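What follows is a short report on a single structure.
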Amino acid sequence: MSLRADAPAPSTSDVRRFGRSQKWVHRATAALMGACVVTAACLYIPQFAELVGRRELVVRVHEWAGLALPVPVLAGLASRALRADLGHLNRFGPHDGVWLRAALRRDKRRASRPAGKFNAGQKIYAAWIAGATLVMLGTGLLMWFTHLTPLMWRTSATFVHDWLALTIGIVLAGHIGMALGDPEARRGLRTGSVSKRWADREHPLWRP
C-alpha cells in the first residue's frame, strides 16, 4: 500500500475492497459475538431471563459460542488476502496520528483525516476487540473449569469477565451505530466492492 498523499480524481467506478475470505470471517465472527452478547444479556438481565427461560441451555450456548469465537479468524489465516488485511490493521503510520488528532479535535474535514485501507479508529477497534476477546476467553475458561483454580482466581475472573462484557457491549453498540451511518462501508462488507468516489474520500491513501 503506497502512502502517497495525491489522490486520483474521483470516479464512480467500483473497486474491490474485500474478498470472500474477509467477508466470511467478518460474518462468522459477528454471528458468534452476537450469540455471546444475546445469551449474556439473558443470563444477567432478569427481564430477559424470564422471557427466555431454560437457563441451562442459554449457558451452554454462551459457553460454546465463546469458545468458537477465535475459530473464524484462525481458519481465515489460510487466506493470503486476510493475512494482508491483518497486516494493515496491525501497522500504524504517521498518518494515523494525524487522523487521531483530528478525531480528538472533532475535525470532520476529509483532508484532515488521511487513511489507508483502514483508518486509525478501525485499527484501534480491531486491536482492542481482539485483546478483549482473548481476555474473555481466558476468564470464561477459569469460570467454567472451577476445579482447576483457587477460589480467589475464579472470583477475580468473574469480576473481570462481567465488567469487560459490559464494556464490549457498549463498544459493539458504537461500532454498529457507525456502520449504520455509512451505507457504502456496509456495501463493501456485503458485496466486497465500494465506489471509487467513496474510497478516494474516506481512504485517500489506499491504493487498491
Side-chain angles (χ1 to χ4, degrees), residues 18 20-79 81-92 118-180 185-186 189-190:
F18 298 115
R20 185 182 303 174
S21 58
Q22 296 104 310
K23 292 187 292 181
W24 178 85
V25 168
H26 185 269
R27 290 169 186 170
T29 302
L32 290 169
M33 181 65 79
C36 288
V37 171
V38 170
T39 52
C42 292
L43 291 172
Y44 286 98
I45 301 176
Q47 292 82 357
F48 291 167
E50 292 174 2
L51 286 174
V52 176
R54 306 191 66 178
R55 181 179 177 84
E56 185 64 26
L57 175 61
V58 174
V59 169
R60 292 294 167 258
V61 172
H62 184 79
E63 291 170 343
W64 287 106
L67 284 176
L69 198 52
V71 172
V73 174
L74 294 176
L77 290 177
S79 164
L82 181 68
R83 294 198 303 272
D85 276 356
L86 292 177
H88 292 315
L89 284 168
N90 196 41
R91 196 157 46 237
F92 283 79
F118 303 103
N119 62 45
Q122 291 168 328
K123 292 178 181 181
I124 291 175
Y125 169 78
W128 186 87
I129 200 67
T133 298
L134 292 177
V135 173
M136 292 294 284
L137 180 60
T139 54
L141 288 172
L142 290 178
M143 295 164 62
W144 193 357
F145 299 103
T146 56
H147 61 285
L148 296 180
T149 55
L151 176 61
M152 182 179 295
W153 288 25
R154 298 197 302 272
T155 303
S156 301
T158 302
F159 178 83
V160 172
H161 195 89
D162 291 352
W163 282 102
L164 185 56
L166 177 61
T167 307
I168 289 175
I170 295 171
V171 172
L172 282 177
H175 177 68
I176 294 171
M178 295 186 70
L180 291 175
R186 296 201 310 275
L189 279 170
R190 188 177 66 254

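Keep in mind that what you see is a predicted model, and the values were worked out from it rather than measured.
The minimum heavy-atom distance linking T139 with A157 is given by the pair CB-O, 3.7 Å. In plain terms, the two heavy atoms of T158 and M143 that are nearest each other are OG1-CG, 3.7 Å. Contact record, C42 with V58: CB-CG1, 4.0 Å, taken as the closest heavy-atom pair. The shortest heavy-atom contact between G66 and L137 is O-CD1, 3.8 Å. Here the shortest heavy-atom pairing between L32 and A68 reads CD1-O, 3.3 Å. Residue T29 comes nearest to P72 through the heavy atom pair OG1-CB, 3.6 Å, listed as atom of the first residue, atom of the second, then distance.
Under the 30°/60° scheme for interplanar angles, the aromatic rings of F159 and W163 are found to be tilted. Taking the six-membered ring where tryptophan is involved, the planes of W64 and W144 are perpendicular, since the angle between them exceeds 60° and thus also 30°. Ring geometry for H62 against H161 counts as perpendicular: the plane angle is over 60°, on a 0 to 90° scale with 30° as the lower cut.
Here the OH-CG distance, from Y125 to N119, works out to 13.0 Å after rounding to the nearest 0.5 Å. Atom CD1 of residue I129 and atom CG of residue L172 lie 5.0 Å apart, to the nearest 0.5 angstrom. Atom CE of residue M33 and atom OG1 of residue T133 lie 4.0 Å apart, to the nearest 0.5 angstrom. Rounding to the nearest 0.5 Å gives a distance of 11.0 Å between CZ of R83 and CD of Q22. Atoms CZ and CZ, from R27 and R190 in turn, are 9.0 Å apart once rounded to the nearest 0.5 Å.
Between the side chain of T39 and the backbone N or O of C36, at least one donor-acceptor pair lies under 3.5 Å. Using modelled atom types, no side-chain atom of R154 and backbone atom of L142 make a donor-acceptor pair closer than 3.5 Å.
Between V59 and E63 the shortest side-chain heavy-atom distance falls below 4.5 Å. At a threshold of 4.5 Å between non-hydrogen side-chain atoms, the residues V38 and V61 do not count as touching. By the 4.5 Å heavy-atom criterion applied to side chains, H88 and R91 are counted as neighbours. A heavy-atom distance below 4.5 Å is found between the side chains of I124 and F92.
By the 6.0 Å contact criterion, CZ on F48 is open, its count of non-hydrogen atoms from other residues, nucleotides or ligands being 12 or less. Annotation for W153: atom CH2 does not count as buried by contact number, only 12 or fewer foreign heavy atoms lying within 6.0 Å. The 12-atom threshold is not exceeded at CZ of R20, counting heavy atoms of other residues, nucleotides or ligands nearer than 6.0 Å. In the displayed structure, R60 atom CZ is contacted under 6.0 Å by more than 12 heavy atoms of other residues, nucleotides or ligands.
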